[in-house]
Structures are given as structure tokens and as C-alpha cells.
Visitor: 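I have a structure here, written as C-alpha cells, and I will follow up with some questions on it.
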2 protein chains.
Amino acid sequence: MTAPGRRLTQQDIARIAGVSQTTVSLVLNNRTDAEVRIAPETRERVLRVIRETGYVADPIARRLAERRNRILGVFTYEAVFPTASADFYHPFLLGIEECAEEMGCDLLLFTSARAAGERRRIFNEDSRVRLADGCVLLGRTVDRDDLARLLTEGIPFVSIGRRDDAGAPVPYVGADYPPAVRALVDRAAGLGHRRLAYVGAGAGAESPADRMRGFREAVAAVGAEGVHVQVTGRTPGELLEELSAARVTAAFVEEPADAVAITHAARERGLAIPGDLSILALGAPTRPVHVDVDLTGFRIPRREMGRRAVELLAELLESGGETPQELLACELVEGSTFAPIPS
Amino acid sequence: MTAPGRRLTQQDIARIAGVSQTTVSLVLNNRTDAEVRIAPETRERVLRVIRETGYVADPIARRLAERRNRILGVFTYEAVFPTASADFYHPFLLGIEECAEEMGCDLLLFTSARAAGERRRIFNEDSRVRLADGCVLLGRTVDRDDLARLLTEGIPFVSIGRRDDAGAPVPYVGADYPPAVRALVDRAAGLGHRRLAYVGAGAGAESPADRMRGFREAVAAVGAEGVHVQVTGRTPGELLEELSAARVTAAFVEEPADAVAITHAARERGLAIPGDLSILALGAPTRPVHVDVDLTGFRIPRREMGRRAVELLAELLESGGETPQELLACELVEGSTFAPIPS
DNA sequence: CACCCGTGATAATTCGTATTAGCGCCTTGA
DNA sequence: TCAAGGCGCTAATACGAATTATCACGGGTG
């Protein structure tokens with residue numbers, strides 16, 4: 001049909017139809033402005049040639065001339081698909097894909113953005129970020145410099161997960177952790193718990209910091225006792241000892257994978273969960289783990305966050321406007337690791 | 001840093017460094033051919049300006065001028081991420097992403113390619129297929145017309161999964177079903193099984209047809225009795241009845257989800273698996289199902305297929321060459337649903 | 001008769017980068 | 001002494017589609 005190496009262009013269509021490239025473009029874009037007039041028979045002739053040849057406009061040339069592409073970039077700091085992170089990322093991507101499909105957009109995964117070292121970077125020597133109309137950032141932590149760069153370059157983007165200012169406010173859609181943690185703390189206090197623990201880093205990125213903050217504020221508000229238990233480099237057994245030494249009756253565990261491990265360890269040594277100790281999990285597992293425990297806690301609306309991020313990005317592209325910042329509510333999950341304080 | 005709306009171009013860099021746009025391009029592309037010479041101090045000056053301004057080449061313009069993009073398209077006929085199909089597609093995508101990352105390529109997911117109806121089509125009015133250097137096709141069935149079109153348009157692509165000719169040979173990397181099925185049949189015959197059944201459609205796409213063919217040939221080779229049991233619109237119980245009516249002792253089930261259902265149904269009505277009936281599963285579940293049965297069968301090398309597809313596509317882009325067609329071996333899986341024929 | 005206006009098209013330019021074909025000057029070799 | 005080539009760089013052009021600025025033509029008007 002087509003000679004190899006040569007693709008059909010508007011010029012070719014024009015030649016065949018006996019008109020100019022301009023006319024082909026006008027017909028193709030269905031321009032019916034008052035400014036532009038094309039005789040019905042000419043339009044029909046051009047359309048016929050297009051149909052017969054099966055011509056499709058080159059998206060690249062199009063993008064160069066226009067501004068829009070209908071391509072949304074998706075940047076993740078870790079690989080998207082590997083099983084280790086798939087469980088965590090999957091719901092976000094599900095929402096992103098759904099919404100992109102509805103809007104007729106394609107998704108560009110920046111899998112190549114890897115610097116010499118381990119970590120991915122958005123701006124490498126030949127970054128293809130600007131090929132997309134805008135992009136969605138996904139990842140538990142996001143490079144500060146990358147954020148600042150995106151902002152100063154004026155590249156439209158929305159981060160999934162709240163981000164602190166990076167020289168300027170960052171557009172994001174995040175999970176509203178503080179009220180969710182507060183609700184759990186309130187319920188614990190309501191059931192008599194007075195000595196509560198936050199188990200996890202509580203820092204390092206915005207989301208753990210938000211949870212920690214929610215915990216601190218809620219504990220202060222209900223007048224309970226709150227301790228902070230670090231997890232890095234410690235076994236579940238050691239954590240349990242520290243919790244019992246502090247006479248903690250309700251543990252708010254940042255990472256569900258840890259919550260599962262602690263629960264197992266406790267039951268192994270004869271400690272009843274939730275009889276002797278209540279376990280509250282703050283979110284979704286970011287590490288692959290077989291969750292065979294029915295944890296009480298809350299659900300991060302990951303799919304909705306994905307959808308909303310794309311919607312906000314679309315609005316941003318459409319109208320510009322203010323930097324969108326939204327927090328979506330987390331839904332409480334009734335599990336079986338939470339009970340009144342032992343008497 | 002940059003004025004809003006205006007982006008830094010090579011022309012800007014050239015102006016600042018006091019050279020021509022050509023020189024900037026040459027420096028940027030690190031051209032050190034004998035043909036092209038640039039004074040070290042000029043090169044340094046240009047590089048400094050580039051560094052200071054943080055200029056990054058516009059990938060769109062680049063693509064227009066060059067031919068390559070380092071972007072690989074991924075086309076799936078169903079959504080990639082939804083949980084219903086995620087379990088099936090995930091390993092392929094894992095392999096694709098791994099390989100793309102190693103090659104420094106980005107992945108373009110054609111999520112927009114949806115016609116008015118339900119099914120996705122590659123070529124819609126404004127298809128962005130040609131934005132990628134080439135693409136990988138993923139899906140249990142692939143539209144015949146799309147394949148033919150890809151071939152005649154000369155768009156480089158590799159299908160994951162064997163495909164019959166579509167006017168011309170189709171480049172693919174598939175799973176080598178016939179020998180895998182044959183191996184299972186051989187083993188069954190070796191353990192005394194004489195009445196075997198193929199449970200599934202055995203048609204509709206290349207992969208079930210290949211399995212069916214493998215089954216037929218192997219059954220004939222070992223001189224056993226083979227029956228074909230259709231599954232569509234029938235309950236596991238009905239299937240069991242048909243199997244027992246035909247005095248089948250080993251059932252080769254196309255779809256593992258069906259194999260699981262049949263096993264459960266059998267055990268519920270007191271039929272021992274594998275004591276009374278052996279179940280052999282032919283591949284990976286394409287429907288979401290909780291596989292709590294340790295099925296005997298084989299493993300489709302999905303991740304490797306993903307990797308290989310990208311590798312073959314890269315070779316295709318590099319050197320052109322012959323249409324690659326490869327079948328990867330399936331590894332047998334020793335489960336606990338296979339035993340000698342009951343005496 | 002000069003003028004205007006509506007009609008249907010096109011030539012020229014734009015987008016940002018890559019490539020080709022030189023430019024003028026200087027060195028070398030025969 | 002004169003052609004051949006080396007040197008460092010640039011003007012011009014290509015890539016394919018969209019947009020802007022015109023243009024030719026004929027019919028009506030004053």
C-alpha cells in the first residue's frame with residue numbers, strides 16, 4: 001500500500017486530491033469558521049482521498065504545531081510493575097488509567113528516567129517529560145529538586161500524595177491522614193485506652209509525618225499518654241517488649257506490614273490481640289506482605305486519588321488556574337484487632 | 001527562571017552563547033565525527049550556557065527531525081490495570097518495563113484507543129501509535145484488521161502471543177504450548193491414563209487452539225482416547241458429570257480458573273482429586289480466582305515473554321531484518337492434582 | 001468605470017531540532 | 001605556485017501539520 005520508508009503526509013493527500021496542503025489540514029480539522037470556506041465538493045473530494053488512503057495525521061508534527069497532545073505522563077520513582085511495589089501502586093494506576101481512558105488520553109510511563117545511580121530522576125540528559133501535556137507524580141517520596149524544577153519550568157503536574165512547598169506550593173491530591181488517625185485515637189480513648197503508641201518512623205516523607213501529627217494532636221486532645229516507638233532495625237519481638245515496658249494498650253502502626261508482623265509475634269508468645277493489646281494500622285501496606293490478619297484501621301482511597309489526580313491535571317491544562325491541593329478522606333475499616341482496654 | 005509560556009530553545013542558547021543554533025545542536029549531540037569540528041572553547045561555552053539555563057531539548061521537535069524517539073508503545077485490548085485482568089497481564093508488563101528501563105526507553109500506554117463501542121482499536125481517528133518507535137501488542141485476542149493494518153503501514157511491532165498470518169507473517173513471541181501439553185499427556189499416559197479430556201474452548205484465539213492441537217497430536221501419538229468437553233455456559237458439576245460419563249481419568253483444563261472450580265466441585269461430592277480424577281491445568285488463570293489448589297500443569301513464561309518482546313522490537317528497530325517469530329518453552333509445574341490411574 | 005465584497009482557495013510562515021552544504025581562511029604537498 | 005584539503009563555524013533546509021496572510025475572480029453598486 002505505502003512504499004516502505006515513506007509515510008503518507010498531508011502533502012501527498014493534497015497532491016492526489018489536487019488541492020493544497022492547507023486545504024487538507026482545514027478539511028481534516030473540520031474547520032467551518034466564517035473565516036474559512038471550503039466548497040462542499042472539494043471537501044468531499046479530500047475526505048474521499050483520506051478515506052481511500054487511510055491517512056492518519058502524524059501526532060508528532062501535530063503536537064509541534066499545536067500545544068496539546070492528549071498524552072499524560074506518569075512518573076514513578078520506583079518501577080511500577082514489579083511485584084514488590086505492585087500491590088501498593090496498583091490501585092493508583094487503576095484510577096489513573098480509568099480516568100485517562102474516559103478522557104481519551106494516552107499514558108506515558110517514564111521508565112527510562114534513571115540516573116547513573118539507583119534512583120530515578122525526572123530530568124535526565126534527554127528527558128521526555130515535555131512530550132506529555134502534563135504529568136502525574138507517584139511515589140512515597142519525591143525528590144525536592146525535581147519538584148522545584150517542575151514548578152519553575154512551568155510543567156503542569158499533580159502529585160499523588162501531599163507535598164510540602166518546594167519554593168512554591170505543590171499541586172497534589174493526597175490522603176487526609178490526620179483526621180483518620182484522630183478518629184482512631186478518639187475511638188481508642190472512648191474504649192478506655194490511656195497509653196497509646198505510634199509505631200513507625202513518623203518522618204522522612206509527608207505521609208508518615210502527617211500520620212504522626214494526627215496522632216500527637218489527637219492524643220493531646222483526649223488527654224492520653226502517647227509514646228513513639230521506632231521500628232527501623234528492630235524485630236517485632238523487640239517492639240513488643242518496648243510496648244509492654246511502656247504499658248501501652250493500643251499501638252498505632254504506621255506500616256501495615258509491621259502491624260501484621262507484630263500481631264503474629266504477639267500471638268506466638270501468648271499475648272492476645274486485641275485482648276491484651278489493640279493494633280491499629282494506619283493505611284495500606286507499602287511492602288509486599290501476606291495480610292492474613294483482619295486489621296482495624298483505615299483505607300487510603302488510592303483509586304480515587306488516581307482518578308482525582310488526572311481530573312485535576314486536566315483542569316490545570318484546560319484553564320490553568322490555581323494550584324490544586326486536595327485531601328481525600330480515608331474510610332475507617334472495622335477489623336478484629338481493636339477492643340476495649342483490658343480490665 | 002523562564003518566562004511563563006515561553007520555553008528555552010536552542011535558538012536562545014545560541015543567542016546567549018553567541019553561536020548559531022546549529023552549533024548548539026552539534027554540541028548537544030556530542031558530535032565528534034571527522035565531518036564536524038567544534039573548538040573546545042566554543043563547546044565549553046555552549047555547554048556552560050546549557051548547564052546554567054538547565055536547557056533540555058524538546059523531545060517532540062527532536063522526534064520530528066530524527067526518526068527515533070526511544071518510546072515504545074504498549075497496546076492492550078483490555079485495560080491494563082483493573083484487578084480483573086491485572087493478575088494475568090502483570091507479569092508481561094513486568095518484563096516489558098524491566099527491559100525498557102534497561103534500554104532507556106519510555107513506555108506509552110495506548111489507553112485512549114477506544115472506539116465508540118466497547119472494544120479498543122489501534123487505529124482511531126487520531127491515533128498516536130506513530131508517536132512511538134514501535135509497539136508491543138498485548139491481549140488474548142488481537143483484531144485481525146488491526147494486525148493487517150500495522151503490517152501494511154510498516155509500523156514495527158511485536159505481538160505477545162503467537163498470531164496467525166494476517167496477510168503476511170506477524171512478528172511475535174509466544175508460549176510454546178503444544179510441547180508442554182504433549183509432555184503432560186505423555187506423563188499421563190505413562191501413568192496408565194487412557195481416557196483423557198480437553199476441557200475448554202480449544203478455539204477462538206491462537207493460544208487455546210495451540211493447546212488443543214498439542215492435546216490432539218499427543219493423544220494420537222500415545223494411542224489414547226481423547227474427548228473434548230466444552231465449558232461455556234455450564235457449571236463445574238455438569239462438567240464433572242460429563243467427564244465421569246465418558247469415564248475420563250485425566251482432565252486437561254484450558255483455563256486454571258475452571259480447573260480450580262472443577263477440583264472444588266469434585267471434592268465437595270466426595271470425588272478424590274487426584275485419586276479418582278487427575279486435573280492438569282494448561283497455563284495461567286486469565287480470570288481472577290483464588291488459587292488455593294496446588295495444580296499440576298505448566299507455567300507460561302510471561303515475564304520472559306515481555307522481556308523478549310521488547311528485545312525483539314529493539315532489534316527490529318535497529319536493523320529491520322526478518323519478522324521475528326519465537327516460542328518460549330513452558331516449564332512443567334509439579335502440583336498435587338496428578339496421580340496414576342485409579343486401579 | 002472604479003470600487004467593494006464575498007467566495008474559495010493557496011503561499012508563506014511557524015513550531016524546535018537535526019542535517020546538509022557550504023563559507024572563507026590557512027596549511028600542506030608536488 | 002597552485003590545487004587539495006583541513007579547520008571552525010553557519011545559512012539553509014527538512015521534518016509534517018496548523019495558522020496567517022493573501023490572492024484571483026466575478027458580480028453587484030454607486
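Note on naming: letters A, B, ... go to the chains in the order of the sequence lines (proteins, then strands), and numbering restarts at 1 for each one. All values below were derived from every heavy atom in this structure, side-chain atoms included, with hydrogens, water molecules and symmetry-related copies excluded.
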Visitor: Take atom CG of A:Leu8 and atom P of D:dC15, then tell me their distance rounded to the nearest Å.
Guide: 14 Å
Visitor: Could you give the CD-to-C1' distance, from B:Glu44 to D:dC9, as a whole number of Å?
Guide: 18 Å
Visitor: Can you list the residues that meet the side-chain contact (heavy atoms from CB on, under 4.5 Å) rule with B:Thr76, with sequence neighbours excluded?
Guide: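 Expected list: B:Val74, B:Val80, B:Arg120, B:Leu138.
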Visitor: Mind listing the closest non-hydrogen atom pair of B:Ala132 and B:Leu72 along with its distance?
Guide: CB-C, 4.0 Å
Visitor: I need the CG-P distance between A:Leu28 and D:dG16, as an integer number of Å.
Guide: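 The answer, rounded to whole Å, is 15 Å.
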Visitor: Roughly how far, to the nearest 0.5 Å, is the CZ atom of B:Arg162 from the CD atom of B:Glu326?
Guide: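 So the gap between those two atoms works out to 14.5 Å.
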Visitor: With nearest nucleotide decided by heavy atoms, which residue, A:Asn29 or B:Ala61, maps closer to the 5′ end of DNA chain D?
Guide: B:Ala61
Visitor: Would you kindly give the CG-to-C1' distance between B:Leu64 and D:dA14, to the nearest whole Å?
Guide: 9 Å
Visitor: Only counting residues at least two apart or in another chain, list the ones meeting side chain to side chain donor-acceptor pair (under 3.5 Å) with B:Glu311.
Guide: B:Arg308
Visitor: Using atom CZ of B:Arg130 as one end and atom P of D:dG16 as the other, report the distance to the nearest whole Å.
Guide: 8 Å
Visitor: Which heavy atom of A:Thr111 sits nearest to which heavy atom of B:Glu101, and what is that distance?
Guide: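 It is O-CG, 3.5 Å.
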Visitor: Measure the distance from CG on B:Asp12 to C1' on C:dG16 and round it to the nearest whole Å.
Guide: 10 Å
Visitor: Of the candidate nucleotides D:dA18, D:dC15, D:dA17, which contains the atom at the shortest distance from the side chain of B:Ala65?
Guide: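 When the side chain of B:Ala65 is considered, D:dC15 is the closest of D:dA18, D:dC15, D:dA17.
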Visitor: Between the opening five pairs and the closing five pairs of the helix from C:dC1-D:dG30 to C:dA30-D:dT1, how far apart are the helix axes, to 10°?
Guide: 80°
Visitor: With a 4.0 Å cut-off, would you call B:Arg163 and B:Asp165 a salt bridge?
Guide: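 No, B:Arg163 and B:Asp165 are not salt-bridged.
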Visitor: For A:Arg303, enumerate each residue passing the side chain to side chain donor-acceptor pair (under 3.5 Å) test, keeping only those at least two apart in sequence or located in another chain.
Guide: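 For A:Arg303 the side chain to side chain donor-acceptor pair (under 3.5 Å) partners, ignoring immediate neighbours, are A:Glu98.
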Visitor: So, is A:Ser25 close to the D:dA18 phosphate, meaning a side-chain N or O under 4.0 Å from OP1 or OP2?
Guide: yes
Visitor: So does A:Tyr55 get a side-chain nitrogen or oxygen closer than 4.0 Å to the phosphate oxygens (OP1/OP2) of D:dG16?
Guide: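 Answer is no, no contact under 4.0 Å.
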Visitor: Could you tell me which residues satisfy salt bridge (Lys or Arg N to Asp or Glu O under 4.0 Å) with A:Arg144, sequence neighbours excluded, listed by chain and number?
Guide: none
Visitor: Within this structure, what is the CD-to-C1' distance between B:Gln11 and C:dA18, rounded to whole angstrom?
Guide: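 After rounding, the gap between these two atoms is 14 Å.
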Visitor: When you check the gap from the basic side-chain N to the acidic O, do A:Arg15 and A:Asp12 get nearer than 4.0 Å?
Guide: yes
Visitor: Detail all sub-3.5 Å separations between protein N/O atoms and N/O atoms belonging to nucleotides 9-11 of chain C.
Guide:
| residue | atom | partner | partner atom | Å |
| --- | --- | --- | --- | --- |
| C:dA9 | OP1 | A:Thr42 | OG1 | 2.5 |
| C:dA9 | OP2 | A:Ala39 | N | 2.5 |
| C:dA9 | OP2 | A:Thr42 | OG1 | 3.2 |
| C:dT10 | OP1 | A:Ser20 | N | 3.3 |
| C:dT10 | OP2 | A:Ser20 | N | 2.9 |
| C:dT10 | OP2 | A:Ser20 | OG | 2.9 |
| C:dT10 | OP2 | A:Thr23 | OG1 | 2.5 |
| C:dA11 | N6 | A:Thr22 | OG1 | 2.9 |

Visitor: Just how far, in rounded Å, is P of C:dC15 from CG of A:Asp58?
Guide: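 Spelled out: CG on A:Asp58 to P on C:dC15 is 19 Å.
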